[in-house]
Amino acid sequence: MLNKSFHRSFARAEYFKKRVSQSRSKHSSNSSSAPIQSHITSAGGEYLIKATIGSPPVDFLAIADTGSDLTWIQCKPCKRCYKQDAPLFDPNKTTTYRHLSCNSQLCSDPGTTFCDFRNKCGYRVSYGDGSFSNGDLSTETFTFESCSTRNVSIPNVAFGCGHASGGIFQETSSGIVGLGGGALSIIKQLNGSIGGKFSYCLVPRDSNFSSKINFGSNAVVSGPGVVSTPLIKQYTDTFYYLNLTGFSVGNTRIPYKGLSKPDNSSPNDFLGGNIIIDSGTTLTFVLQDFYQRLEAKVIKITRGTRVSDPGGQFSLCYKVEKRLKIPKIVAHFANADIKLPPDGTFLEVSKGIVCLAIVPTDGIAIFGNVLQINHLIGYDLVNKKLSFLPTNCTKYK
């Protein structure tokens with residue numbers, strides 16, 4: 001199952017590269033009465049959010065994705081759908097479903113939405129690996145757990161009701177929950193009630209436990225051990241940029257220099273963000289020249305038997321054996337040092353073989369979900385900061 005997530009990681013990196021390239025040439029509020037939350041579970045290199053949709057409510061699981069905006073799930077009737085474990089959502093069996101017209105303010109994203117012959121709003125999203133989803137842009141009531149005993153229902157949340165979807169999606173997921181910073185994101189839509197705050201804690205990939213994703217006042221990450229780094233606005237509202245200053249391998253620090261600001265931008269518009277934090281990408285991508293220096297240092301310190309990746313995707317792999325000793329690796333962001341989880345820096349790609357989960361790219365650098373494991377991570381979009389607290393996420397319930 002991890003091989004699918006690896007493939008999606010490489011495809012998402014290419015897709016992000018295209019999104020940022022396009023964005024360089026251009027540049028609704030719901031309310032609830034209580035802080036909301038949901039379960040988040042590991043599934044083959046991805047993390048799934050549990051929520052309910054419709055009236056009466058129907059449960060669904062979808063990928064938690066800070067790298068995209070639109071929330072979409074597969075719906076009836078479905079002309080072409082990938083196989084999923086849960087039944088398809090049926091908009092004819094709910095009293096609160098509404099298909100948005102072309103006059104809706106949300107039907108104005110030229111990269112995602114379009115107007116069909118019925119004067120109704122449609123959506124289409126596609127990814128570099130050939131995965132896609134097309135359907136109707138609609139509104140529905142979403143229901144989440146709350147920090148009290150009662151669930152919280154939020155009406156008129158815009159989402160994609162998918163009638164044609166496919167690609168390398170896993171059967172456990174009904175779609176995607178978009179947690180990015182753009183107008184169609186559920187984060188933006190709930191801004192009036194959550195105040196631009198959400199947090200999550202990702203359990204290890206092979207854990208049978210779930211953790212929580214919180215929205216609103218209960219999502220604030222503070223206290224002893226917390227480190228924070230600025231969230232930086234860049235070429236597109238969707239992505240959350242950070243300033244990565246380097247990695248340490250053992251006691252050696254390797255400085256990182258990422259992408260510079262685009263041409264014709266004001267010095268005050270962009271403050272040096274050079275990597276995206278993304279919960280929907282498994283692997284971490286860094287620029288090619290930095291990767292070469294990082295890999296050389298890891299090779300120098302690691303004790304073990306080097307082997308080739310049978311799949312040909314990773315360049316640094318080792319045989320799993322008693323004598324294998326992997327060095328401590330730390331990611332350095334502006335004002336925040338993150339000790340990376342030992343079981344996250346190397347991943348088992350096939351039986352008896354582990355490979356470095358940091359890979360090179362000639363496009364956009366991405367801090368993937370494997371390196372976020374066992375950290376409570378809080379997004380504060382009002383104060384423009386991201387906070388990390390190392391913890392055992394299996395106990396964060």
Side-chain angles (χ1 to χ4, degrees), residues 1-2 4-5 8-9 12 15-16 35-53 59-74 84-86 125 127 131 133 142-145 154 157 159-160 162 168-182 184-190 194 196-205 207 209-216 218-219 221 231 238-240 276-284 344 366-379 381 386 388 393-394 396-397:
M1 293 222 340
L2 272 179
K4 278 190 174 183
S5 72
R8 278 181 59 81
S9 289
R12 282 172 69 87
Y15 171 71
F16 287 174
I36 59 177
Q37 62 183 20
S38 179
H39 288 276
I40 186 166
T41 58
S42 173
E46 296 170 335
Y47 288 86
L48 305 180
I49 290 179
K50 179 183 178 182
T52 60
I53 185 172
D59 291 344
F60 72 90
L61 289 170
I63 299 167
D65 188 7
T66 60
S68 67
D69 294 324
L70 181 67
T71 293
W72 62 265
I73 62 172
Q74 298 193 118
Q84 65 177 53
D85 293 337
V125 290
Y127 307 96
S131 298
S133 181
F142 279 62
T143 302
F144 296 90
E145 297 176 8
I154 305 168
V157 176
F159 79 108
I168 50 176
F169 295 106
Q170 299 185 37
E171 296 178 13
T172 48
S173 168
S174 297
I176 285 176
V177 175
L179 301 171
L184 286 171
S185 168
I186 201 166
I187 301 301
K188 270 293 178 66
Q189 292 188 65
L190 301 184
I194 69 173
K197 296 179 177 64
F198 69 99
S199 66
Y200 55 74
C201 206
L202 303 182
V203 298
R205 300 178 312 285
S207 175
F209 294 93
S210 65
S211 185
K212 288 288 178 69
I213 179 169
N214 279 291
F215 303 86
N218 276 26
V221 177
L231 278 172
T238 300
F239 301 141
Y240 300 115
I276 295 164
I277 182 168
D278 182 27
S279 64
T281 298
T282 303
L283 303 174
T284 288
I366 304 170
F367 193 68
N369 64 40
V370 165
L371 298 191
Q372 301 175 45
I373 288 171
N374 279 336
H375 283 86
L376 177 59
I377 302 176
Y379 294 68
L381 308 187
L386 187 78
F388 294 84
C393 288
T394 61
Y396 186 69
K397 300 177 182 179

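FYI, the numbering just counts along the sequence from 1.
- Side-chain atoms of Asp69 never come within 3.5 Å of backbone atoms of Gly178 as a donor-acceptor pair (strictly under, hydrogens ignored).
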Practice prompt. Report the C-alpha separation of Thr143 and Ile53 in whole Å, then their side-chain angles, then the decisive distance to 0.1 Å, and conclude whether the side-chain contact (heavy atoms from CB on, under 4.5 Å) test is met.
Written response: CA-CA 6 Å; Thr143 302; Ile53 185 172; over 6 Å; no
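- The shortest non-hydrogen separation linking Leu179 to Ile49 is CD1-CD1, 4.1 Å.
- Without hydrogens or angle criteria, Asn369 side chain to Gly45 main chain gives a donor-acceptor distance under 3.5 Å.
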Discussion item. Show, in sequence, the C-alpha distance, side-chain angles and deciding distance for Val125 and Ser68, and conclude whether the side-chain contact (heavy atoms from CB on, under 4.5 Å) test is met.
Written reply: CA-CA 10 Å; Val125 290; Ser68 67; over 6 Å; no
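- Here the side chain of Ser199 pairs no donor or acceptor atom with the backbone of Gly378 at under 3.5 angstrom.
- When His375, Gln37, Lys212, Gln372 are each tested for a side chain to side chain donor-acceptor pair (under 3.5 Å) with Tyr200, only one passes: Gln372.
- Taking the six-membered ring for Trp and thresholds of 30 and 60 degrees, Phe169 and Trp72 have ring planes more than 60 degrees apart, a perpendicular arrangement.
- Listed for the Tyr240 side chain is a donor-acceptor partner under 3.5 Å among the backbone atoms of Gly180.
- Looking only at distances, no side-chain donor or acceptor of Ser42 sits under 3.5 Å from a matching main-chain atom of Val203.
- When every heavy atom of Ser173 is checked against every heavy atom of Ala62, the shortest pair comes out as OG-CA, 3.8 Å.
- Proximity of Thr71 to Val157: side-chain heavy atoms (C-beta onward) are nowhere separated by under 4.5 Å.
- Minimum heavy-atom separation, Asp278 to Gly67: OD1-N, 3.1 Å.
- Closest heavy-atom contact between Ile186 and Val177: CG2-CG1, 4.2 Å.
- Residues Phe142 and Phe159 bring their aromatic ring centres within 6.0 Å.
- Taking OH from Tyr47 and OG1 from Thr282, the interatomic distance works out to 8.5 Å, rounded to the nearest 0.5 Å.
- Side-chain N or O atoms of Gln170 include none that pairs as donor or acceptor with a backbone N or O of Thr172 at under 3.5 Å.
- Counting all heavy atoms, side chain and backbone alike, Ala64 lies closest to Ile40 at CB-CD1, 4.0 Å.
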Discussion item. For Ile377 and Val221: C-alpha separation, side-chain torsions, deciding distance, then whether side-chain contact (heavy atoms from CB on, under 4.5 Å) applies.
Written reply: CA-CA 7 Å; Ile377 302 176; Val221 177; over 6 Å; no
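- Here the side chain of Ser211 pairs a donor or acceptor atom with the backbone of Cys201 at under 3.5 angstrom.
- Distance check: Phe239 CZ to Thr66 OG1 gives 9.5 Å after rounding to the nearest 0.5 Å.
- A donor-acceptor distance shorter than 3.5 angstrom exists from the side chain of Gln189 to the backbone of Leu184, with no hydrogens or angles considered.
- Residues Gly160 and Leu70 approach most closely at N-CD1, 3.9 Å, considering heavy atoms.
- Remark: the backbone N or O of Ile213 is not paired with any side-chain donor or acceptor of Ser38 at under 3.5 angstrom.
- Without hydrogens or angle criteria, Thr281 side chain to Gly368 main chain gives no donor-acceptor distance under 3.5 Å.
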Item to complete: Quick one: do Phe198 and Leu190 satisfy side-chain contact (heavy atoms from CB on, under 4.5 Å)? Show the steps, please.
Response: CA-CA 11 Å; Phe198 69 99; Leu190 301 184; over 6 Å; no
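- Atom OG1 of Thr284 sits about 8.5 Å away from atom CD1 of Ile366, to the nearest 0.5 Å.
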